[in-house]
Amino acid sequence: MGDIHFIFIGEGTNGGTATLAIRMTEWLRTRNYKVSYLYQKTTNGALEKELMNAGAIMVKNRDCINGVKQIIRTERENEIICFSFVVELYIIVEVLKKRFKLSICNYMYVVNLWSFQRLESDRKNVKYFIGKLLKKFLFKKLCLEMNHYKNLIFMDKDSLYETEKYFELSLENPQIMYLPIKIDQRKQIKHIRNKDTFIVTTIARIEFPFKGYVLGLIDLCTELSEKYKIELNIIGDGSDFYKLQTYVKKKKIKDKIHLFGNQPYNRLSDYLQESDLFVGMGTTVIDAALKAIPVIPVRCHSMECLGNQYFHESTLLAPQFHNDESSYCMKNLIEKAISCSEEEYLDMGQKSRRVVEEKYDINIFMKQLLSLRSSDEIDDTLFYALEKKIYVYVWNMLRRQSKDNT
């Protein structure tokens, strides 16, 4: 089983994509697969080290094209599987695959709803609108081609829905594979609620507005502190950490809001163990649910903390409420976890864990992924656009527009 080289391609080493890569690397290495992690820069030193400890060969190269070349130059005999999380990195592999006639399985995993549209800004000028129209037209075609050739994988039904809504299309037989986590099915977990102080925990990359819910959660906990003895643990770092610190200092319960910064992935279990409720999105939702903790998934790209169901009710990692836009009932959900009976609390936690066991088992995910084989074919018209770097040009133009606007 050592004839496959699995290559993760990411911009950095932070966030849910890095922790996802750690889980997948551990699974692959225990089965003797070769694993590389290609990235442009170090954005989280702790996660970078954990990827290395998991067995990934770390390849840092600011030029992703040269980085991919560097790896595949020595891999003519092994089968190569590339796994990226954003569209421009997927495109780079497609260009090299065609140019050098390489047999590579190339996948893009949509781990959040902005894998295609994340670079749009509010800046209104002619260049921006032209770029936006080009991007939407070209990337719509690209999305259809990726799905047709089985190169596109969605993390859940919500990310599929939002992508189809954005491009105004319907994908035929799309692939949905839920975020994976290692599960010990033999292990029975019973999470007991703290008796004195109710502890809410969130784990997030501190970047607004993407993880703006953190500020809304602070407001909610401040309001609930008038009625309950409550504390909030916030784990994570990012470009807006100073803004977060300033925001916390203005709150009357600032001594009950604890900012822990970045923590190693293997330490998160300790923080979750002392928590009574987890609020967040993405991979950390399943980390918490696996501990049999009640979990409320929340909406991204909002400066409010918006959630309308517990994880065991919705099974979603970043809900968008397209069925009920008015159902923002976070306060009631948190109060339920605080005031319900011990029996009800334990039942919510057990239901959270059962959802993970049934839908997010890494053994199911990896076996399904390795059984896929994306096509080496590509539409000639599409490849012409790729070869002329139209996609990359439009993407970079929008990236500059977005950066200029911040």
Side-chain angles (χ1 to χ4, degrees), residues 5-29 33-72 75 80-97 104-119 146 151-155 159 177 179-181 203-205 207 210-211 236-239 262 264-265 281-284 300 317-318 362 365-366 369 391-392 395-396 399:
H5 189 167
F6 203 99
I7 304 171
F8 294 98
I9 306 175
E11 293 177 307
T13 55
N14 63 315
T17 55
T19 55
L20 171 59
I22 290 169
R23 295 171 188 162
M24 293 173 67
T25 297
E26 289 173 342
W27 192 96
L28 289 161
R29 291 299 299 135
Y33 290 99
K34 187 175 180 180
V35 180
S36 293
Y37 189 93
L38 170 64
Y39 58 114
Q40 295 168 303
K41 57 186 177 181
T42 299
T43 48
N44 185 316
L47 289 179
E48 181 181 45
K49 187 175 180 180
E50 287 188 63
L51 278 161
M52 292 174 63
N53 292 340
I57 301 167
M58 304 301 286
V59 181
K60 180 156 59 170
N61 194 318
R62 292 196 69 82
D63 185 339
C64 261
I65 293 179
N66 287 331
V68 176
K69 282 182 184 177
Q70 179 183 337
I71 295 173
I72 64 178
E75 290 299 333
I80 297 174
I81 298 176
C82 288
F83 198 80
S84 54
F85 304 101
V86 291
V87 72
E88 73 266 38
L89 302 180
Y90 168 87
I91 289 170
I92 286 170
V93 175
E94 284 298 294
V95 171
L96 291 173
K97 186 169 84 171
I104 295 177
C105 294
N106 185 25
Y107 302 108
M108 178 176 130
Y109 191 49
V110 182
V111 295
N112 62 56
L113 309 179
W114 279 263
S115 292
F116 284 103
Q117 66 265 43
R118 65 191 178 123
L119 293 175
M146 291 167 73
N151 297 339
L152 187 61
I153 306 171
F154 295 91
M155 75 166 185
S159 59
M177 293 170 57
L179 281 171
I181 193 169
I203 303 170
R205 187 166 71 249
E207 292 180 7
F210 182 42
K211 299 295 177 79
D237 201 350
S239 57
N262 269 335
Y265 182 63
M281 65 179 72
T283 57
T284 52
C300 54
L317 302 182
I362 194 168
F365 177 95
M366 292 304 300
L369 178 63
Y391 286 100
V392 177
W395 188 273
N396 287 336
R399 180 191 294 274

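Quick note: residue numbers are just sequence positions, from 1.
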Where is the tightest heavy-atom contact between M58 and M52, given as atom of each residue plus distance? CG-CG, 3.1 Å
The reported gap from CE in M366 to CZ in R23 (rounded to nearest 0.5 angstrom) is 12.5 Å
Name the residue from T43, N262, D237 that meets the side chain to side chain donor-acceptor pair (under 3.5 Å) definition with N14. T43
What's the spacing between N106 CG and L152 CG if we round to 0.5 Å? 11.0 Å
Main-chain N/O of A54 paired with R29 side-chain donor or acceptor, under 3.5 Å: no
Check for a donor-acceptor pair, side chain of E50 on one end and backbone N or O of I22 on the other, with a separation under 3.5 Å. no
Over 60° means perpendicular and under 30° means parallel, so tell me whether Y37 and F8 are parallel, tilted or perpendicular. tilted
Decide yes or no for C82 and I80: does some side-chain heavy atom of the first lie under 4.5 Å from some side-chain heavy atom of the second? yes
M177, CE atom: more than 12 neighbouring heavy atoms under 6.0 Å: yes
Flag, side chain of T13 to backbone of N44, donor-acceptor distance under 3.5 Å: yes
Is there a side-chain contact between Y109 and L369 (heavy atoms, below 4.5 Å)? no
Going by heavy atoms in the side chains, are I362 and E26 under 4.5 Å from each other? no
What pair of heavy atoms forms the shortest contact from L89 to I9, and how long is it? CD1-O, 3.6 Å
Excluding sequence neighbours, so at least two apart, what forms salt bridge (Lys or Arg N to Asp or Glu O under 4.0 Å) with E48? none
How many angstroms lie between CD1 in I153 and CE in M155, if you round to the nearest 0.5 Å? 13.5 Å
CG-CG distance between N66 and L96, expressed to the nearest 0.5 angstrom: 9.0 Å
Would you check if M24 and V35 make a side-chain contact, meaning some heavy-atom pair closer than 4.5 Å? no
Any idea which heavy atoms bring R205 and G15 closest together, and the distance? NH1-CA, 3.6 Å
Are the side chains of F85 and L20 in contact, using a 4.5 Å heavy-atom criterion? yes
Tightest non-hydrogen contact, residues P264 and A46, listed as CA-CB, 4.3 Å
Can you check whether E88 reaches E11 side chain to side chain, under 4.5 Å on heavy atoms? yes
Could you report the tightest heavy-atom contact between G282 and L179, atom names first, then the distance? C-CD1, 4.2 Å
Y90 to Y107 - nearest heavy-atom pair and separation: CD1-C, 4.2 Å
